[in-house]
Amino acid sequence: MATIPETPSLAGLEAKWAERWHDQRSYRFDRSKSREAIYAIDTPPPTISGSLHLGTAFGYIQVDAIARFQRMCGREVFYPMGWDDNGLPTERRVQNHYGVRCDPTVPYDPDLVVTEVAKGDKAQRPISRPNFIDLCQRLTSEFEEAFEQQWRTMGLSVDWDLTYATINERSRRVSQLAFLRNLRRGEAYAAEGPTMWDVDFQTAVAQAEFEDREVNGAFHRLAFPAVAGGPPVEIETTRPELLVSCVALVTHPDDDRYKHLVGTMVITPLFGVEVPVHAHPLAEPDKGTGVAMICTFGDTTDVVWWRQLGLPLRSVIQRDGRFQAETPAWLTGAGTDAYAELAGKTSQQARRAIAELLRESGALIGEPRPTKQQVKFFEKGDRPLEIVTSRQWYIRNGARDDKLRADLLAAGRELDWHPDYMRVRYEHWVEGLNTDWLISRQRYFGVPFPVWYKIADSGDISWDEVITAEDASLPVDPQADAPPGYDESQRGKPGGFTGDPDIMDTWATSSLTPQITSGWIDDPDLHARIYPFDLRPQGPEIIRTWLFSTLLRAHLEDGVLPWKHATINGWILDPDRKKMSKSKDNVLTPMPLVEEFGSDGLRHWACRAAPGTDTAADRAQMRVGRRLAVKVLNASKFVLGLGSEPGTTADVTEPVDRAMLAQLADVVDDATEAFRNYEYHRALERAETFFWKFCDDYVELVKVRAYHGGDEGRSAAAALSIALSVLLRLFAPVLPFVTEEVWSWWQEGSVHRAQWPASSEFADAISDADPAVLDVAGAVLGEVRKAKSAQKRSQRHEVTLLRVQDEPKRLAVLQLAETDLRHAGVVTELVFAEGSEQQVLVDLAPDAPVPA
RNA sequence: GGGUGCAUAGCUCAGCGGUAGAGCACUCGCCUUACAAGCGAGGGGUCACUGGUUCGAACCCAGUUGCGCCCACCA
């Protein structure tokens, strides 16, 4: 047992205890426990970057408080930590960090040397795919170490032997096996079709990764001559450059203005292509002229029309976002000349060019009218998404399967959400799904699809002849490994094979975090002990991605819910209540705040916020936490400095002491109930309010008696030490450092492995206790303090006469605390008088003569 | 446009049927043998607005306004 320092301090507590917890494996998961005795958390793997964001820390600290509570309740907590190092963010970071880019045609260079490049240096040298992946792994492992250090400093009670990375071998194996099983059951499939495409990253993008942004556009009004003569048909478009891809016009079937046109042919301006006019209910009479141009493809509605009306495919935009160089086959004559002006241009460039051509030709009616429009972007992208035709892998998600959709909605209702209203976001997402989940990405750093394709004797790839990897061989890299029954010499040869070039979307891996961490494939014993998990904590913005996709994979694989509870944390706002974001340059990182307020101060701030509630990054609130931690140190020093050995409940005989413990019993019951319901903030609030009252009123009342010893003094000392033990444990989940420090002064072992307090521990010290004693005495003491303050006297100033008038019943209660009240108020004479209402009269002694 | 959450002291937030709360900030005091990085006291609020339910509403219901977020919206 350590000695109590003369002046206790928070300085150095993080370093001291984080190291000791690590060395002693304080939070090691004991896998010998049975399922009922285990609490399993499906920890979110934070995206690896240079430093943690304060918002990330905010959410993880709340989860840690829950984990610590469950551990103290006697459950073995399975609390892993993952690193999301998979996918695009890492690729982009490697590109910028080392000034390289992946070029699969470059051969592997085993001696490649790269160095960090200066910021803003945009030059990127091409390197091979294996070299590129090496760099991704090198960079992420550096960041992982830094992250772990920061988390430990903030006191996360993670078992650091249970870390995982979304790109490591186990994750690749689990991802590939789950995919193959989806494929066998018909839940995964490949399809060729129009796909939302990012022209910069040159990859397909899934519905969940779209976001709308407002951009400046312009309506161009165009005239289409009718083949049969008569007035031309006018349309409005914001994408005139797609005129070359126009395959039809469309109008609403009930629009009387245009009914006569349906079934007729018109001619595209400039390009001279004859296209039909169709009727379709998705055409909106009040948009533009009421007649829309259908192109392959300008937007998702075009895709619907194209499918339902059986229109031809006339795409010209390539995967790099540029108009193809060759003149499209459907153009002749003047159309060929017009196209020459567009070939090789980007959409933006083509738009300007075509507007000029249209103006010259007279097909443009009036000038383009500027407008603001909402356009779909890849959330990480810089240019609008285009729609290109490509072959992609999908997993069924209920978008086109009513039974599956209904099952997933039912699963969402079965899950316990904290707060409950977050469930609605999930339901809306599932109800609004309109495409299956696109899981393939045309990128490099990620989990490859474990499939190959046969190459026909003609040399053509037979995309329908899929060769799948054997389960036991996983993980495989089809770019490096030959499929079963083939050898490497047959790669790319007629009669041979070719590997699938794509990788899986990062969510296709992270949707399997429960399977990855639980040992689904390679550790069935562990899997049985922790799966399904108890808790999935996460942010609100990834309900539609991570939460939904995890639930989907578990449903498809096992037909079960992967966890019982989901907690959704709130956002961190800057002090002006604006959402923090990098673009606003108002992002705070946690470590400087830890420096200033201590980890306990930061944790206190995070745990004062209700689950799911957006919270301002308020330094004043963190200072409050720091103050509380300091107070815990000092109050503990006082209690433990009373000298005697810790008292027992039998020593607590005085009414004031019993009243305090009776009130504490209620606090313990309430805090326990709150924590069980994931309301860590209520538990903290209850404990904290009690603690300050305990310090200000109870300790002040009994201090002198405790010093004096005897039976009465022993009663106070015992009550104080019982209360301290309980309070330290109540605070332990939120203030792990200061509580552990104090615990180490007088107890064996860690407070974080101590039993969560129960009021039954001191039940025999509070039987027949009247909790009002403390309140009544505290109120009178308050009157004494007020009188001294009003007369600008020290609180140690003598009260020559204290006269309390009150109802007999309250007087009787007050008399139980008479001696303590005399000591605390420095009262010489105390008089009680019965009366109908409370009146307190305080006579202060005249100022003492100044000693000569 | 649909959904959802929020609106309580100058600020940040608890409270969610039973006499309006905390911290910060502000004012005035106090070296008081746990703590001056402390302690005591004080001022400060039609609980957004309008109706309703109730003996009683900050709290429940309906509507209104403002703010945030999610989804839809590319002619």
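All chains are named by letter (A, B, ...) in the order of the sequence lines, taking the proteins before the strands, and each is independently numbered beginning at 1. Quick note: numbers below take in every heavy atom, side chains included, and nothing from hydrogens, waters or symmetry partners.
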Pick the [atom1] atom in [N] and in [M], then give their distance to the nearest Å.
N	M	atom1	answer
U46(B)	U27(B)	P	22 Å
A20(B)	G56(B)	C1'	15 Å
C28(B)	G17(B)	P	41 Å
C24(B)	C39(B)	P	9 Å
U54(B)	G1(B)	P	35 Å
G38(B)	G51(B)	P	47 Å

Query raised in the report: Can we say Arg405(A) and Glu431(A) salt-bridge, meaning some charged N sits less than 4.0 Å from an Asp/Glu carboxylate O?
Result: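 No, no charged N to carboxylate O under 4.0 Å.
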
Report which part of the nucleic acid [X] touches: base, sugar-phosphate, or nothing (heavy-atom distance under 4.0 Å, all strands).
X	result
Val639(A)	nothing
Ala609(A)	nothing
Asp696(A)	sugar-phosphate
Lys786(A)	sugar-phosphate
Leu282(A)	base
Ala292(A)	base
Ser9(A)	nothing
Glu284(A)	base
Lys788(A)	nothing
Arg608(A)	nothing

Assign each of Thr371(A) and Gly432(A) the nucleotide of RNA chain B bearing its closest heavy atom; nearer the 5' end lies the nucleotide of Gly432(A)

Whole angstrom value for the distance that separates [atom2] of [N] from [atom1] of [X]:
X	N	atom1	atom2	value
Asn569(A)	C69(B)	CG	P	16 Å
Gln795(A)	A41(B)	CD	P	7 Å
His681(A)	G21(B)	NE2	P	20 Å
Glu700(A)	G40(B)	CD	C1'	10 Å
His797(A)	A41(B)	NE2	P	18 Å
Leu684(A)	G15(B)	CG	C1'	15 Å
Asp614(A)	A7(B)	CG	P	12 Å
Arg623(A)	C13(B)	CZ	P	16 Å

Suppose we define a pair by two distances each less than 3.5 Å, Watson-Crick or G-U wobble; what does [N] pair with here?
N	value
U64(B)	A48(B)
A20(B)	none
C73(B)	none
C59(B)	none
C39(B)	G29(B)

Distance-only, no hydrogens or angles: does the [X] side chain make a donor-acceptor pair with backbone N or O of [Y] under 3.5 Å?
X	Y	result
Ser245(A)	Arg314(A)	yes
Asp614(A)	Trp571(A)	yes
Asn397(A)	Thr435(A)	yes

Please check the phosphate of [N] (OP1 and OP2 only) for any side-chain N or O of [X] closer than 4.0 Å.
X	N	value
Arg682(A)	A22(B)	no
Arg627(A)	C24(B)	yes
Lys792(A)	C30(B)	no

Closest to the [X] side chain, choosing from [options]:
X	options	value
Lys287(A)	G3(B), C73(B), C71(B)	C73(B)
Trp429(A)	C69(B), U4(B), C71(B)	C71(B)
Trp571(A)	C69(B), G23(B), A41(B)	C69(B)

Sorted by chain and residue number, the ring-ring contact (aromatic ring centres under 6.0 Å, His included) partners of Tyr698(A) (sequence neighbours excluded) come out as Phe694(A)

message: Which label fits His708(A) and His823(A): parallel for a plane angle under 30°, tilted from 30 to 60°, or perpendicular past 60°?
response: perpendicular

| Would the number of heavy atoms belonging to other residues, nucleotides or ligands and lying under 6.0 Å from CD of Glu541(A) be above 12? | yes

inquiry  = Quick check: any donor-acceptor pair below 3.5 Å linking the side-chain of Lys376(A) to the base of C74(B)?
reply    =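 Side chain to base: no pair below 3.5 Å.
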
